[in-house]
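Please read the structure below before turning to the comments.
Side-chain atoms are counted along with the backbone in the values below, which use heavy atoms only and exclude waters and symmetry mates. First the proteins, then the strands, lettered A, B, ... as listed; each starts at 1.
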There are 2 protein chains.
Amino acid sequence: MSRNSNRYHVRAVDRALDLLDTFSTSEPEFTLTELASRLGLSASTTYRLLVTLESRGYVERGNQSGGYSLGVTCLDLGNVFLSQLDLRERALPVMEALREECKETVHLGILDGNRMEVIYLEKLEGLLPVVMRGSRVGGRVPAHCTALGKCMLAYLPEAALHDFYTHVGLRSYTPHTITDLNELLRELKETSRKGLAIDDIEHELSVRCVAAPVWNHKKAVVGAISVSGPANRMSKKRCHELGPLIRDTVLEVSRRMGYPG
Amino acid sequence: MSRNSNRYHVRAVDRALDLLDTFSTSEPEFTLTELASRLGLSASTTYRLLVTLESRGYVERGNQSGGYSLGVTCLDLGNVFLSQLDLRERALPVMEALREECKETVHLGILDGNRMEVIYLEKLEGLLPVVMRGSRVGGRVPAHCTALGKCMLAYLPEAALHDFYTHVGLRSYTPHTITDLNELLRELKETSRKGLAIDDIEHELSVRCVAAPVWNHKKAVVGAISVSGPANRMSKKRCHELGPLIRDTVLEVSRRMGYPG
DNA sequence: AAGGCGTTTTCATTGCGTGAAACCGGATGG
DNA sequence: CCATCCGGTTTCACGCAATGAAAACGCCTT
């Protein structure tokens, strides 16, 4: 936690954000004392941070167990963030056409280059039975084993990938996950050549995806769009057949972002 | 802004949150100087708040125009909040059955009693053409003109409603919006008797909804579930026909929340 | 009644957050 | 080409706001 204490950081604010970051899906609730000891703060300091955050709805109490947990206000910032992204609005109609064409789930994502994770910005559920739960707008998935992620990684400088992944390693999610960095780099080279990435059951069992990157006016990758479906419908053959359709989609979105092509 | 300066508030944290709250859908971007003058702070203080928030991804720069806007990290807190709510997980399978039955869009919402607004926690898109865009998980809509909102307002003490709405008024969104408080109170009384609320084109033109509240083990209203559709498919007659189905749904969800019924 | 646990309040200390003002660097324009 | 402006960054000295220690409180269990 906390790569804070830059020269200009405001300590109290850093602490408040550290406090909020302490909550996670696996540990959604704490007592004041637990928080204090985790953060290495005195009870009174923690108390005052909690009062401040609670009065604004960032934390709540009273879920029978009496502990503190995150509050509804946490949703608001994310909403403003989403509504402000023009990538989202420009991509949406084109994504809807794509879904109409292929009937499968369509995702829009961006890359968080600090953590090498994909963040979903939009999701259009497939029109066929067996839908993709598990993904959600605002949610994160690792980049190295997803189609969205790989097609954005492919345009990063190789040194950055090397630095990051030699440090943290390539976590495995299925038997198909690529866990060797050289193999990943080889595949990414191929990906950038083709402008298409495929996730062949590398992240979730029995899910395959195809994705391609979206470009902006400065010819920088600003996001990616994917089609995902259950492996039985989405054979490797089907993935390749969908290539041109996805390429058309991202080209249209890229144009709307000012891409000169 | 800012009902801060309670006895125990941490000023720097309040200011940082005020800063984040400044961003909105209609004004998503500011320069440092703009923020400073809005918040009534010096440039250096604002600068240090921004450095702190930026290093953690809560604000970003560099969207060509060079101003500050909200950053991706804003999505994370909302996600943890959502994944921690057991109302959501318990309701989801029951909501899916409801959608299968009626084919229209199904929403789950809670009430923010401070602002009398509904917050969507889950959305299952309808299976028929003409989908409901406009709503999004985490989004807010006013309570007095939506089915979700009205069926939760109906169980609030009348004094609270009176206090709130005489203060802020009943904003009108369509010709059907109820703008007279006494009329609203009359309808809410009827609503609580029936345990069902209908939005008859009161919030969005040509959308009708039916909703019913979810109860917990303490017999308190903890949320509501609705069915929404375009007015041509969702006639007033159809709304009433859907009543029993929705009642069954919320009863099942309430049971899963520990409701003794 | 006593003890334990988590929260709230008090209080004195000082280091941190603060505003003022100087400085920088790019854009504008005369 | 210099002057000006406008954002952003840095410096600095001041004093209060944030802090930790400790005590008080409330509630539950023993």
Side-chain angles (χ1 to χ4, degrees), chain A residues 1-23 27-71 217-218, chain B residues 1-23 27-71 217-218:
Chain A
M1 199 176 295
S2 60
R3 52 273 69 134
N4 53 5
S5 75
N6 254 4
R7 193 148 58 118
Y8 288 112
H9 276 222
V10 179
R11 190 179 56 163
V13 175
D14 264 320
R15 287 173 167 183
L17 298 179
D18 282 340
L19 194 160
L20 291 174
D21 282 348
T22 307
F23 297 95
E27 299 181 279
E29 199 170 327
F30 294 96
T31 80
L32 183 150
T33 328
E34 283 169 345
L35 286 168
S37 81
R38 289 237 181 177
L39 299 166
L41 300 175
S42 67
S44 29
T45 298
T46 310
Y47 177 66
R48 242 146 325 112
L49 292 176
L50 282 170
V51 169
T52 308
L53 293 170
E54 188 182 11
S55 82
R56 297 167 150 269
Y58 282 92
V59 303
E60 283 177 354
R61 213 134 56 119
N63 310 314
Q64 62 233 31
S65 42
Y68 289 92
S69 55
L70 291 181
H217 61 111
K218 286 186 288 198
Chain B
M1 199 176 296
S2 58
R3 53 278 62 139
N4 52 6
S5 75
N6 254 8
R7 194 149 56 116
Y8 288 113
H9 275 224
V10 178
R11 191 177 58 162
V13 174
D14 263 321
R15 287 173 165 181
L17 298 177
D18 282 341
L19 194 159
L20 290 174
D21 282 348
T22 307
F23 297 95
E27 299 181 279
E29 198 170 327
F30 295 96
T31 78
L32 182 152
T33 327
E34 282 168 347
L35 285 168
S37 81
R38 289 237 180 178
L39 299 166
L41 300 175
S42 67
S44 28
T45 298
T46 310
Y47 177 66
R48 241 145 328 108
L49 291 175
L50 282 170
V51 168
T52 308
L53 293 170
E54 188 182 9
S55 83
R56 297 166 148 270
Y58 282 92
V59 303
E60 284 178 354
R61 212 130 61 114
N63 311 314
Q64 63 234 28
S65 43
Y68 290 92
S69 54
L70 291 182
H217 61 112
K218 287 185 290 199

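Here the straight-line distance linking atom CG of A/L17 with atom CG of B/L17 works out to 8.0 Å at 0.5 Å rounding. If you take CG on B/L41 and OH on B/Y47, they are separated by 16.0 Å, rounding to the nearest 0.5 Å.
Candidate nucleotides D/dG8, C/dG6, D/dT11 were compared by shortest atom distance to the side chain of A/Y8, and D/dT11 ranks first. Side-chain proximity of A/R61 to D/dG7, D/dT10, C/dT8: nearest is C/dT8.
Here the C1' atom of nucleotide C/dA20 and the CG atom of B/L41 are 14 Å apart, to the nearest Å. Atom pair B/L32:CG and C/dC24:C1' shows a separation of 15 Å (rounding to whole Å applied). In this structure, CG of B/D14 is placed 16 Å from C1' of D/dC16, rounded to the nearest angstrom. In this entry the distance linking CG of A/D18 with C1' of D/dA18 reads 16 Å, nearest Å. Taking atom OH on A/Y47 and atom P on D/dA24, their separation rounds to 18 Å, with Å as the unit. Per the geometry, CG belonging to B/L49 stands 14 Å off P belonging to D/dT9, to the nearest Å. Protein atom CG of B/L50 is 14 Å distant from nucleotide atom P of D/dG7, rounded to whole Å.
In plain terms, the two heavy atoms of A/V10 and B/A12 that are nearest each other are CG1-CB, 3.9 Å.
Place A/T31 and B/G40 on DNA chain C by their nearest nucleotides, and A/T31 ends up nearer the 5' end.
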- List the steps and the verdict of side-chain contact (heavy atoms from CB on, under 4.5 Å) for B/F23 and B/V59. CA-CA 10 Å; B/F23 297 95; B/V59 303; 4.2 Å; yes
- Evaluate the criterion side-chain contact (heavy atoms from CB on, under 4.5 Å) for residue pair B/T46 and B/E34; output intermediate values, then yes/no. CA-CA 10 Å; B/T46 310; B/E34 282 168 347; over 6 Å; no
N/O contacts under 3.5 Å, protein versus nucleotides 15-17 of chain C?
{"residue": "C/dC16", "atom": "OP1", "partner": "A/R11", "partner atom": "NH1", "Å": "3.4"}
{"residue": "C/dG17", "atom": "OP1", "partner": "A/R11", "partner atom": "N", "Å": "2.5"}
{"residue": "C/dG17", "atom": "OP1", "partner": "A/A12", "partner atom": "N", "Å": "2.8"}
{"residue": "C/dG17", "atom": "OP2", "partner": "A/R11", "partner atom": "N", "Å": "3.3"}

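No option in B/L50, B/L19, B/T22 other than B/T22 meets the side chain to side chain contact (heavy atoms under 4.5 Å, CB included) test with B/F30.
A/S44 comes within 4.0 angstrom of a nucleotide base, judged by non-hydrogen atoms across all strands. Using a 4.0 Å heavy-atom criterion, one finds that B/Y68 contacts the sugar-phosphate atoms exclusively.
In this structure, B/R11 does not pair ionically with B/D18, as no charged nitrogen and carboxylate oxygen lie closer than 4.0 Å.
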